[in-house]
Amino acid sequence: MSETGTQSLTDDIPASGVFDPPAELAAQANVTQADYDRAAEDRLGFWADAAGRLDWTKPWDEVLDWTNPPFAKWFTGGELNVAVNCVDRHVDAGRGETVAYHWVGEPGDTRDITYAQLKDEVCRAANALTSLGVQAGDRVAIYLPMIPEAVVSMLACARIGAVHMVVFGGFSPDALASRVEDAGAKVVITADGGYRRGAPSALKPAVDEALTKVSGVDHVLVVKRTEQDVDWTEGRDQWWHDLVDGQSAEHEAQAFDAEHPLYIMYTSGTTAKPKGILHTSGGYLTQVSWTHWATFDLKRDTDVFWCAADVAWVTGHSYIVYGPLSNGATSVMYEGTPETPHRGRWWEIVQQYKVSILYAAPTVVRTFMKWGAQELEPFDTSTLRVLGSVGEPINPEAWLWYRKNVGGGTATVVDTWWQTETGAHMIAPMPGVTATKPGSAQRAIPGISAAVVDEEGKPIEPGATGYLVLTEPWPAMLRTIWGSDERYVETYWSRYGKDVYFAGDGAKLDEDGDIWLLGRVDDVMNVSGHRISTTEVESALVSHPTVAEAAVVGATDPTTGQGIVAFVILRGDAQDSGEDLVTTLRQHVRKEIGPIASPRQIMVVAELPKTRSGKIMRRLLRDVAENRELGDVSTLTDSSVMDLIGAKMPASS
Ligand code: WTA
């Protein structure tokens, strides 16, 4: 489609279909084929070595106790303090002056925090929590913007053995209340507000409202960030600076059992009631630390790492906080949105701090595609050498765009498949070993056993589609659903037996044995008896030069079972030529996948409904496609998006 001026990126793919690891990177890579071999020979020995990268106060007796599946115990009898591993040991090793975070506030204020400073802050906060009566095992809710105090609060909890439960600042008072209640939190740490899209956005009122609905919270600690006016409940509310700043920076950390609970994270709840995923200490930190070092090929002393997720999601927990800090890395932490105050903000930050590893979600990459490569031009992003992707399947087109325009055509793209439940990376290329394939997360990492199986649990043939399962326990696995062992067993470990983890994702195996994730199995459509992934059709649409982003749903169809309905956002320079465009796109999908995948309906829209974690809410689009009244829109970033999309639909028949 040369008339749009947008060139196809597939021309970049080498004839082999894969990008070999850059020679220079491979020569000095952290992970080599030997690591795969070692893990294949002795999986538990491999993880024991990885655990040995941490400081243990008491060595473990057994690497894995799997005598009562699916309830795993890793590093039994071992003891460590997670916060000490993340902070103190780097200071003790003479690296106190190393910057842990280059923090960037949305309005442009910045803070560089060294490991020594972080240690003092964490100790003060730990003393403050203890002064409020928080003890090991107690739950502390954290409802903060992306400010350093979020990290400090998490580590202070870890230091004293309290269990943190971070709730995304964009969640409603109801969502906060139900999580506080389910977790039984006794303290909430919040702020007056945070900055979002150029304006202060209040947080404290949501806490006030939430706490009218639940009891058991004795203390609310409030960080001053935006200077907004706040209501105050005497006896319950205290300013962070009043309580924390005056505490001693000395704190003797106690070691906890490897299986001591570290945190609870509620998964997004796009379906049923949110599930409180429980992670524990030793195994979690082992895998998070190893993968952060391995998947990103982290060179501690020269790399600057930036995970552009919110700290409130598992990606933030594992790869803003626990992974980078346990490795003593230097990270960027950014409070705001990519377009504030301009669309080059990320690249300005990359330039300023010489970021070399960036970790982001495909939805953001597609947004950048929509804005166009010219937004990067004013900035020097040549320091970037590894680009990570997480959260959803990345379309080959977005992968190629990312590599070419963000990575200067030389960076290594690592597509990482994992979940809140898995705690850390599970399927991903290793930069020095894997020849990467645009759109595929490829293989299980060393020490992890994954398979794609059919309905009966039998491994599928190459070329076929099935369900992704994990066939051996792994160190960072969830230990249970908070308060419901039964639901834990039922949700993840019952479909194929008590020792096979059902991930809930569809996947395809290609002829090389590489895994292609196809989205949640509930997003798989069935059209005339053919199983078609929403992701596959989306990918086909996005590979057309006029399309920036696409969401596809299966709408009930009297003849075919389901019909494919597509919602597309056009690239900035593309023209909406009405029916002509629709015909072109339909033909394009026919060409890419086959006539069976040709959408019944294609609608050009300005925005797509997304959850606050950036996932497209297909459920709502399905409601629109089926002319139903909209379901719950409370987890949408912007519910007016749905009105605009609804107005585009032909009247119900
Ligand atoms: C999806 C985020 C394809 C998948 C870390 C999974 C992915 C769910 C990828 C977990 C990827 C995550 N390729 N799909 N690289 N990464 N997913 O719990 O459907 O927010 O089950 O964890 O996101 O989302 P969660």
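Numbering of ligands and ligand atoms starts at 1, following listing order.
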Quick look: Q419 vs ligand 1, heavy-atom contacts under 4.0 Å, and the answer is both

For atom 1 (C) of ligand 1, what is the closest protein heavy atom, and at what distance to 0.1 Å? G391 O, 3.2 Å

Checking E259 against R479 for the salt bridge (Lys or Arg N to Asp or Glu O under 4.0 Å) test, could you report, in this order, the C-alpha distance in whole Å, the side-chain angles of both residues, the deciding distance, and whether it holds? CA-CA 9 Å; E259 284 298 338; R479 297 303 194 262; 2.9 Å; yes

Shortest protein heavy-atom distance from atom 11 (C) of ligand 1, along with the residue and atom involved: E392 O, 3.5 Å

Got K610 and M617 here, is their nearest side-chain heavy-atom distance under 4.5 Å? no

If you take the nearest heavy atom of each of W516, W418, Y319, W417, which one is closest to atom 10 (C) of ligand 1? W418

Relative to the heavy atoms of V390, which atoms of ligand 1 are at a distance of less than 4.0 Å? 5 (C)

Establish, for the pair R495 and Y467, whether the NZ or CZ atom is under 6.0 angstrom from the six-membered ring centre and no further than 45 degrees off its axis. yes

Where is the nearest protein heavy atom to atom 4 (C) of ligand 1: which residue, which atom, and how far? D505 OD2, 2.9 Å

Distance only, no hydrogens: is a donor on one side chain within 3.5 Å (strictly under) of an acceptor on the other, for D485 and T480? yes

Counting only heavy atoms, which portion of T420 has something under 4.0 Å from ligand 1: side chain, backbone, both, or neither? both

Please find out if less than 6.0 Å separates the ring center of Y492 from that of Y501. yes

Option passing side-chain contact (heavy atoms from CB on, under 4.5 Å) with W399 (candidates S389, P393, P438): P438

Considering only heavy atoms from C-beta outward, does the side chain of L517 approach that of E392 to under 4.5 Å? no

Heavy atom of A441 under 4.0 Å from ligand 1? no

Going by an N to O cut-off under 4.0 Å, is there a salt bridge joining D12 and R403? no

Could you establish whether T416 and ligand 1 come within less than 4.0 Å of each other, counting only heavy atoms on the residue side? yes

For H425, the option from Y319, W293, W417, W290 that meets ring pair (Phe, Tyr, Trp, His ring centres under 6.0 Å): Y319

Nearest-neighbour protein heavy atom for atom 24 (O) of ligand 1, which is reported as residue plus atom name and distance: K615 NZ, 3.5 Å

Which is it for P393 and ligand 1 at heavy atoms under 4.0 Å: side chain, backbone, both or neither? both

Distance under 4.0 Å to a non-hydrogen atom of T315: what atoms of ligand 1 satisfy this? 5 (C)

Which is closest to atom 15 (N) of ligand 1 in terms of heavy atoms, I427, T535, D415? D415

